[in-house]
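The figures here come from the full heavy-atom set of this structure, side chains too, leaving out hydrogens, waters and symmetry mates.
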Amino acid sequence: MASASFATYITNPYKPTKDFKSLTIPISQNPLKLTQTRKQFSGAVKAAVKTTGNELDLIPVLSNDTTDHQVGNLVTENEVGGGDNEVQLINGFGGNEGRLSFEGGFGGGGGGGPVVVGEGEDVDKLMDRVINASIVLAAGTFGITKLLTIDYDYWHGWTIFEILRYAPQHNWSAYEDALKENPLLAKMMISGVVYSIGDWIAQCCEGKPLLEFDRTRMFRSGLVGFSLHGSLSHYYYYFCEALFPFQDWWAVPVKVAFDQTAWAAVWNSIYFVVVGLLRFESPVTIFSELKATFWPMLTAGWKLWPFAHIITYGVVPVEQRLLWVDCVELIWVTILSTLSNEKSEARILDAPADPNAISSSESLEE
């Protein structure tokens with residue numbers, strides 16, 4: 001009866017059907033009858049596709065699944081027609097090539113849906129931003145508070161204008177007192193801060209977002225500035241004055257020339273080697289990269305330091321020179337850090353990926 005009703009509807013496609021519920025499939029508990037019913041429905045579907053496609057010029061949607069919209073029974077391709085692959089069903093969406101597909105739909109079935117990649121990386125980046133922002137906020141708050149509260153013990157009765165007016169002068173006096181009490185530690189602290197900030201600026205110039213800087217790299221640069229640059233520069237400027245004790249005008253260009261040849265070559269090499277050791281690189285790699293970047297680093301300094309050192313050796317007193325030099329170092333460390341890290345970071349990017357990551361990506365593609 002179902003076949004006859006369905007055939008009548010197909011042969012008269014333009015005649016509206018008043019009661020579509022008549023197009024039902026009787027469900028039987030007998031497996032033989034159920035198989036016959038499925039075969040009847042398969043024949044009806046074939047006839048429907050053929051007749052409708054010929055008379056109405058409709059393009060059937062290719063699918064693996066079909067759903068009886070009236071009864072709600074899911075009929076698969078294997079069940080319809082005993083797995084005849086020539087049957088192209090009307091409704092539903094398959095997942096094969098060339099067919100409409102909704103992968104990983106709303107069901108709770110296992111597998112098959114697209115895997116969201118990168119959620120863990122997004123969480124890690126967010127955590128890095130939070131940590132970096134906390135470091136910047138804490139360091140900035142501490143520094144500004146120390147500078148503005150230099151006269152905290154004398155604030156009684158002061159106005160905001162008076163506090164801001166005397167803060168620079170009294171901070172300078174505090175710095176001079178620190179130089180008298182412990183000049184080496186004071187200069188080491190300043191160099192450490194400058195080299196950390198300089199590396200941060202270098203990373204921003206390389207294209208990294210403001211709060212996505214590499215904390216380890218910045219810590220390495222700051223550690224080198226604190227432990228080596230501050231201490232070595234302290235002794236170097238006194239050594240340079242002892243080596244050239246002349247007060248004539250020609251002594252200034254001589255000191256600048258000596259600074260930008262002997263001292264610049266020594267310090268650039270020290271910085272490059274120590275930063276490489278802190279990255280746990282092999283000595284062979286460090287010295288090969290130093291050989292390739294030594295001359296570019298030295299000549300890059302000639303574009304900046306000769307002009308700055310005219311003031312260094314011609315105007316600034318010897319005990320204040322490192323402070324002036326560290327102010328210029330904010331620019332120079334940006335260049336120095338970029339040159340000393342670009343080859344290492346390029347080598348890391350060119351390194352082969354982790355085999356586990358490769359296997360996991362292949363499994364996702366499968």
Atom of Ala174, atom of Ile150 and distance for their closest heavy-atom approach: CB-CD1, 3.9 Å
Nearest 0.5 Å please: distance from the CD atom of Gln260 over to the CG atom of Leu298. 7.5 Å
Determine whether a donor-acceptor pair (N or O, by modelled atom type, separation under 3.5 Å) exists between the side chain of Trp324 and the backbone of Gln320. no
Quick one: list whatever passes side-chain hydrogen bond (donor to acceptor under 3.5 Å, both in side chains) with Asn182, sequence neighbours left out. none
Over all atoms of both residues, closest heavy-atom pair of Pro296 and Thr299: O-OG1, 3.2 Å
Got a second to check how far Leu322's CG is from Glu329's CD, nearest 0.5 Å? 8.0 Å
Side chain of Asp326, backbone of Val194: donor and acceptor closer than 3.5 Å? no
A side-chain contact here means heavy atoms from C-beta on lying under 4.5 Å apart; do Arg220 and Val224 qualify? no
Check this for me: Lys146, atom NZ, are more than 12 non-hydrogen atoms of other residues, nucleotides or ligands nearer than 6.0 Å? no
Whether the Ser233 and Arg321 side chains hold a donor-acceptor pair (N or O, under 3.5 Å, no angle test) is what I'd like checked. no
Just so I know, are the side chains of Trp332 and Val325 near enough to count as touching, which here means a heavy-atom distance under 4.5 Å? no
Working note: Tyr313 + Val254, criterion side-chain contact (heavy atoms from CB on, under 4.5 Å); need CA distance, chi angles, decisive distance, verdict. CA-CA 10 Å; Tyr313 295 104; Val254 170; over 6 Å; no
For a quick check under 3.5 Å, do Ser288 and Thr285 share a side-chain donor-acceptor pair by atom type? no
Please say which of Thr159, Leu164, Ile163 ends up in a side-chain contact (heavy atoms from CB on, under 4.5 Å) with Phe161. Thr159
When you group the ILVMFWY residues by side-chain heavy-atom contacts below 4.5 Å and let the links chain together, are Val266 and Leu290 in the same group? yes
Taking the six-membered ring for Trp, are Trp295 and Trp302 closer than 6.0 Å centroid to centroid? yes
Does the side chain of Phe226 come within less than 4.5 Å of Val193's, by heavy atoms? no
Given Trp158 and Tyr154, is the side-chain contact (heavy atoms from CB on, under 4.5 Å) satisfied, shown in steps? CA-CA 8 Å; Trp158 284 23; Tyr154 311 101; 4.1 Å; yes
Given the rule that I, L, V, M, F, W and Y join up when any side-chain heavy atoms are under 4.5 Å apart, are Leu330 and Met189 in one cluster? no
Closest heavy-atom pair and its distance - Leu210, Cys204: CD1-SG, 3.8 Å
Find out if a path of hydrophobic residues (ILVMFWY) with successive side-chain heavy-atom gaps under 4.5 Å connects Phe246 to Tyr237. yes
Given Phe258, which of Phe244, Trp305, Trp263 fulfils the ring-ring contact (aromatic ring centres under 6.0 Å, His included) condition? Phe244
What do you reckon, is CZ of Arg215 surrounded by more than 12 foreign heavy atoms closer than 6.0 Å? yes
Atom OH of Tyr152 with >12 non-hydrogen neighbours under 6.0 angstrom: no
Is it true that a side-chain atom of Asp214 and a backbone atom of Thr216 form a donor plus acceptor pair closer than 3.5 Å? yes
Using the test side-chain hydrogen bond (donor to acceptor under 3.5 Å, both in side chains), find all partners of Tyr271 that sit at least two apart in sequence or belong to another chain. Ser221
When you group the ILVMFWY residues by side-chain heavy-atom contacts below 4.5 Å and let the links chain together, are Leu179 and Leu147 in the same group? no
Flag yes if more than 12 heavy atoms outside Tyr238 fall under 6.0 Å of its OH atom; otherwise flag no. yes
Name all residues meeting the side-chain hydrogen bond (donor to acceptor under 3.5 Å, both in side chains) criterion together with Trp267; count only those two or more places apart in sequence or in a different chain, and write none if there are none. Tyr195
Mark yes or no for whether Trp200, through its side chain, and Phe213, through its backbone, hold a donor-acceptor pair below 3.5 Å. no
On a heavy-atom basis, the closest approach of Gly198 and Thr334 is O-OG1, 3.5 Å
Expected output: side-chain Asp259 to main-chain Lys255 donor-acceptor under 3.5 Å: no
Can you tell me how far CG of Asp199 sits from SG of Cys205, rounded to the nearest 0.5 angstrom? 11.0 Å
Calculate, to the nearest 0.5 Å, the distance between atoms OG and CE belonging to Ser337 and Met218 respectively. 11.0 Å
For Glu281, is there an ion pair with Arg279 - N to carboxylate O distance below 4.0 angstrom? yes
Can you name the nearest heavy-atom pair linking Ile286 to Gly276, along with the distance? CD1-C, 3.5 Å
Which heavy-atom pair separates Met297 from Leu336 by the least distance, and what is that distance? SD-CD1, 3.5 Å
Interatomic spacing from OH in Tyr166 to CH2 in Trp155 - rounded to 0.5 Å: 15.0 Å
Are Pro183 and Glu319 close enough that some pair of their side-chain heavy atoms sits under 4.5 Å apart? no
Check the pair Glu212 / Arg129 against salt bridge (charged side-chain N to carboxylate O under 4.0 Å, His left out), numbers first and verdict last. CA-CA 6 Å; Glu212 291 186 8; Arg129 288 180 180 178; 2.3 Å; yes
How long is the straight-line distance from NE2 of His309 back to CG of Leu304, given to the nearest 0.5 Å? 8.5 Å
Should Phe219 and Ser196 count as side-chain neighbours, where that means a heavy-atom distance under 4.5 Å? no
Main chain of Leu228, side chain of Ser231: is a donor-acceptor contact present, judged purely on distance under 3.5 Å? yes
Give the cluster check for Leu232 versus Leu243: same hydrophobic cluster or not, with ILVMFWY residues linked at side-chain heavy-atom distances below 4.5 Å. yes
